[in-house]
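Below: the structure, in structure tokens.
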Amino acid sequence: MDMQTSFLDRLFDAGLLIDTGVDGLYGRSGQFEDVIAAFERLIDRFADDNAEVIRFPPGMSRAIFEKSGYMKSFPQLAGTVHSFCGGELDHMSLLKCMEVGDDWTKDQKATDIALTPAACYPLYPTIARRGRLPATGGLFDLQSYCFRHEPSKDPARQQLFRMREYVCMGTEEQVTEFRQSWMDRGVKMMEAVGLDVVIDVANDPFFGRAGKMLANNQRDQNLKFELLIPITSTAQPSACMSFNYHQDAFGTKWGLELDDGSVAHTACVGFGLERIALALFHHHGLDVTEWPVAARKALWG
Ligand code: AMP
Ligand code: ZN
């Protein structure tokens, strides 16, 4: 059995994650949730910079999702919500279809909702609608379940997982400074809970051959960094935080303007909450009462 499956099985056996029969789709125990809640409080303490708190549900406007260009870059990861939109006759044929075991899903129609792929996606058009940003720029605190179609036996690669994000909108200098400050805070936070990390340059998993160029460009320009912690592999540690600088790409796309009318630069910092909880369980053991005192104190006071 490989390391990923054995860790997943141990998490199931301990009741921390609950099997649903679908890889990457799990229930969570109260204990698992308590670790995430405690870690989020730790994030709050480190943040301390009056970000505006906004919470979106895990589904977003399909129109905004389409405009975001997600299907161009990551069609393999996207999830859309489809529903039955027919009348009574269609309902009868649907039931017949299900009864005989045929594919009933082909007649489902796309709704106006797509599953949120990253917590910050619904934010940019929302803020653009408000008009120009104040002179101080914008700082936002987000958290959402996110969907990515990447079924896996690796418990650190889930299909529905939570991302806590901070997003900064402002001048190039403001947002790159914001990103750097979170890289420093990220290292300190993980140190406080007893996790060894490395930060490395990274790229998003752009689709296909054309995507390779985008990925190379992203790396060459240092647009994405990740904070890595070994969870199910030491050779390939898992990204538990990401630090993304979008330059003025989202500002231009969504019409985000600074108070002088220039295009805003943006950056976002994402915490993978399940991955952080899993890193803690992997390193300190499945019984939280046995965790190192310093880590327990950082989390629960
Ligand atoms: P990304 O937008 O890909 O940089 O993702 C932001 C953060 O979400 C990553 O640093 C991970 O911690 C977390 N994440 C991404 N994909 C997954 C996944 N499939 N399962 C769990 N966490 C994930
Ligand atoms: Zn983001």
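Nothing fancy with the numbering, it's 1 onward along the sequence. In listed order, ligands and their atoms are each counted from 1.
- Ring orientation note: the planes of Trp182 and Tyr166 are close to parallel, at an angle under 30° on the 30°/60° scale.
- With 3.5 Å as the limit, one finds a donor-acceptor pair spanning the side chains of Gln247 and Gln221.
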Name the atoms and distances for all side-chain donor-acceptor pairs under 3.5 Å in residues 235-244, with sequence neighbours left out.
unit_1	atom_1	unit_2	atom_2	d
Asn244	OD1	Lys224	NZ	2.8

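- When the shell of 6.0 Å around CZ of Arg130 is examined, it contains more than 12 heavy atoms from other residues, nucleotides or ligands.
- Aromatic ring pairs are classed by plane angle as parallel below 30°, tilted from 30° to 60° and perpendicular above 60°; the pair Phe65 and Tyr70 is tilted.
- Counting only N and O atoms by type, the side chains of Thr232 and Asp154 include a donor and acceptor under 3.5 Å apart.
- Minimum-distance N/O/S atom of Glu165 relative to the Zn ion (ligand 2): OE1.
- Protein residues having at least one heavy atom under 4.0 Å from any atom of ligand 1 are Arg148, Glu150, Ala156, Arg157, Gln158, Phe161, Met163, Lys224, Ala239, Cys240, Met241, Ser242, Gly272, Arg275, listed by chain and number.
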